[in-house]
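Since the model is a prediction, treat every value here as computed from it, not as a measurement.
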There are 2 protein chains.
Amino acid sequence: MAELSPAERRRQRVRDMILNAAEKVFAEEGETGLSIRRLADEIDYSPAAIYKYFGSKDDLVEELKSAFFARLMSKVEATYAAHEEYLDRCRACIQTYIYTALERPHHYTAAFSGVQEHDAGGDEARWDEFVESTSGQAYIMFRDLIDQGRQQGVFPEIDTAVATKSAWASMHGLVMLMIHLPHFPGSFPDSEAIDRETFIARHADLLVRGLSAKKM
Amino acid sequence: MAELSPAERRRQRVRDMILNAAEKVFAEEGETGLSIRRLADEIDYSPAAIYKYFGSKDDLVEELKSAFFARLMSKVEATYAAHEEYLDRCRACIQTYIYTALERPHHYTAAFSGVQEHDAGGDEARWDEFVESTSGQAYIMFRDLIDQGRQQGVFPEIDTAVATKSAWASMHGLVMLMIHLPHFPGSFPDSEAIDRETFIARHADLLVRGLSAKKM
DNA sequence: TTGACAAAGTGAACGGCGTTTACTTTTTTG
DNA sequence: CAAAAAAGTAAACGCCGTTCACTTTGTCAA
């Protein structure tokens with residue numbers, strides 16, 4: 001079962017030290033605060049040593065991001081399993097996604113950063129790549145969830161793929177606004193204060209309502 | 001009428017040169033590609049000269065962002081004026097927001113960057129600040145639009161502030177996903193290809209449908 | 001056990017960055 | 001025209017990611 005030699009174990013330990021130090025800094029300060037030199041300092045190695053374990057700073061950050069996304073996915077899966085009734089399950093999964101994303105705002109935003117040019121050409125080779133990517137997994141999971149709703153007639157008039165993308169956008173947008181606007185959604189003096197929990201629940205409601213509605 | 005002295009005119013010209021060069025680079029490459037030294041090079045001045053016109057790189061970028069957001073707002077306002085029927089107006093404004101944001105992805109994302117800590121304490125002094133900020137203006141405008149719907153009974157059961165924030169999140173999320181995922185929403189082999197125009201229209205539809213629906 | 005080879009680790013450097021400081025040149029103005 | 005103010009600059013500071021030549025340490029077959 002893949003026994004590790006002492007050398008491999010040692011290597012693994014150092015690698016983990018780097019990752020742990022990086023995770024800590026990144027969670028608190030994001031990519032801005034994370035520098036190879038600072039990391040090296042914290043683990044008492046030279047900066048150059050880190051390059052024996054990671055090809056580049058981006059590679060390192062990539063690993064932080066995908067570890068986070070794996071956790072996000074497994075949390076949503078657990079929520080899925082914990083709810084029987086379909087609409088409950090929907091709302092709960094949406095909320096779990098949002099809450100978990102908010103636990104690590106720097107990770108979540110970093111996972112969706114970097115402007116992509118929109119290749120109109122149907123470059124379908126990228127689909128495989130996407131499915132294995134962090135965001136791809138989120139898409140697949142919610143697509144399956146929503147398609148159940150279509151099959152059961154709860155969402156009578158939707159196209160699964162379109163509805164999934166819309167719903168995802170809606171969740172994603174809420175997370176992003178909450179991360180970037182310090183007073184969202186509460187403490188707007190133009191309305192009664194509303195706390196995050198109730199707002200998230202209401203947002204999930206609105207979303208489900210839109211999916212359930214018949215065309216106008 | 002605030003006549004400008006020749007000195008002031010000259011100063012203004014140089015300032016604009018800097019801003020134009022910055023705008024060009026930023027539109028194409030975002031904050032990554034924008035450096036003071038490169039800017040100085042392009043306009044044939046020394047790097048230090050730029051600091052006679054802008055306090056910092058962030059100040060400069062701030063000006064690019066708010067100029068963009070002003071354009072975004074005025075486009076949405078024009079769309080507002082161009083549509084009479086209420087639901088048409090709603091859908092059209094949503095779509096204009098999305099399209100204009102997508103014209104300058106680097107500007108739009110930069111305007112929503114930087115993780116904020118969530119001051120639970122009702123720090124209401126920030127409201128004034130928010131109202132004058134770029135994102136604050138977007139909020140106010142859509143809030144007024146949606147409140148019209150409530151008053152007219154088109155959106156019968158909504159709370160204006162909550163609905164506005166949800167709707168905004170929904171638009172914002174779509175823009176962000178389109179910017180960050182190269183194949184969104186089309187060219188997913190799990191469904192028929194769908195182009196951006198139709199998808200945006202459908203997304204706006206779904207949103208309006210949610211707002212119109214009665215509680216379940 | 002030893003000698004060769006690989007792996008781990010390092011100090012110093014390269015080229016880039018935002019920004020500041022001390023300085024010179026140009027322009028405005030009393 | 002002199003003095004004050006503004007515009008512009010070269011050089012440096014302290015960061016950054018990354019690379020390279022080098023030394024140290026560990027592994028393993030003869």
In terms of the angle between their ring planes, are A:Y108 and A:H172 parallel, tilted or perpendicular, with boundaries placed at 30° and 60°?
tilted

Atom CG of B:L34 to atom C1' of C:dG18: distance rounded to whole Å?
12 Å

Parallel, tilted or perpendicular: which describes the rings of B:H180 and A:F112, with under 30° parallel and over 60° perpendicular?
tilted

Between which nucleotides of DNA chain D, read 5' to 3', does contact with chain B run, using atoms under 4.0 Å from its heavy atoms?
D:dA7 to D:dA12

For B:D144 and B:D147: C-alpha separation, side-chain torsions, deciding distance, then whether side-chain contact (heavy atoms from CB on, under 4.5 Å) applies.
CA-CA 5 Å; B:D144 293 347; B:D147 198 53; 5.7 Å; no

Scan A:R37 against the nucleic acid and name what it touches under 4.0 Å (heavy atoms): base, sugar-phosphate only, or nothing.
base

Separation of atom CZ in B:F54 from atom P in C:dG18, rounded to whole Å:
14 Å

Taking the nucleotide of DNA chain D with the closest heavy atom to each, which residue, B:Y53 or A:Y51, is nearer the 5' end?
B:Y53

Mind checking if A:L39 touches a base, just sugar-phosphate, or nothing, with heavy atoms under 4.0 Å?
nothing

Anything under 3.5 Å between a protein N or O and an N or O of nucleotides 10-12 of chain C, put it in a table, one pair a line.
residue: C:dT10; atom: OP2; partner: A:S46; partner atom: N; Å: 2.8
residue: C:dT10; atom: OP2; partner: A:S46; partner atom: OG; Å: 3.3

Intermediate values then yes/no, side-chain contact (heavy atoms from CB on, under 4.5 Å), A:K52 and A:I50:
CA-CA 5 Å; A:K52 302 280 177 181; A:I50 295 185; over 6 Å; no

Can you classify the ring geometry of A:W168 versus B:F184 as parallel (below 30°), tilted (30 to 60°) or perpendicular (above 60°)?
perpendicular

Where does the angle between the aromatic ring planes of A:F142 and A:Y97 fall among parallel (under 30°), tilted (30 to 60°) and perpendicular (over 60°)?
perpendicular

Protein-nucleotide distance (A:R10, atom CZ; C:dA8, atom C1'), rounded to Å:
9 Å

Please tell me whether B:E23 and B:H107 have a donor and an acceptor in their side chains that are separated by less than 3.5 angstrom.
yes

Could you tell me whether a side-chain N or O of A:K57 sits under 3.5 Å from a main-chain N or O of A:L34, the two making a donor and an acceptor?
yes

Nearest heavy atom decides the nucleotide; on that basis, is A:G55 or A:R38 closer to the 5' end of DNA chain D?
A:R38

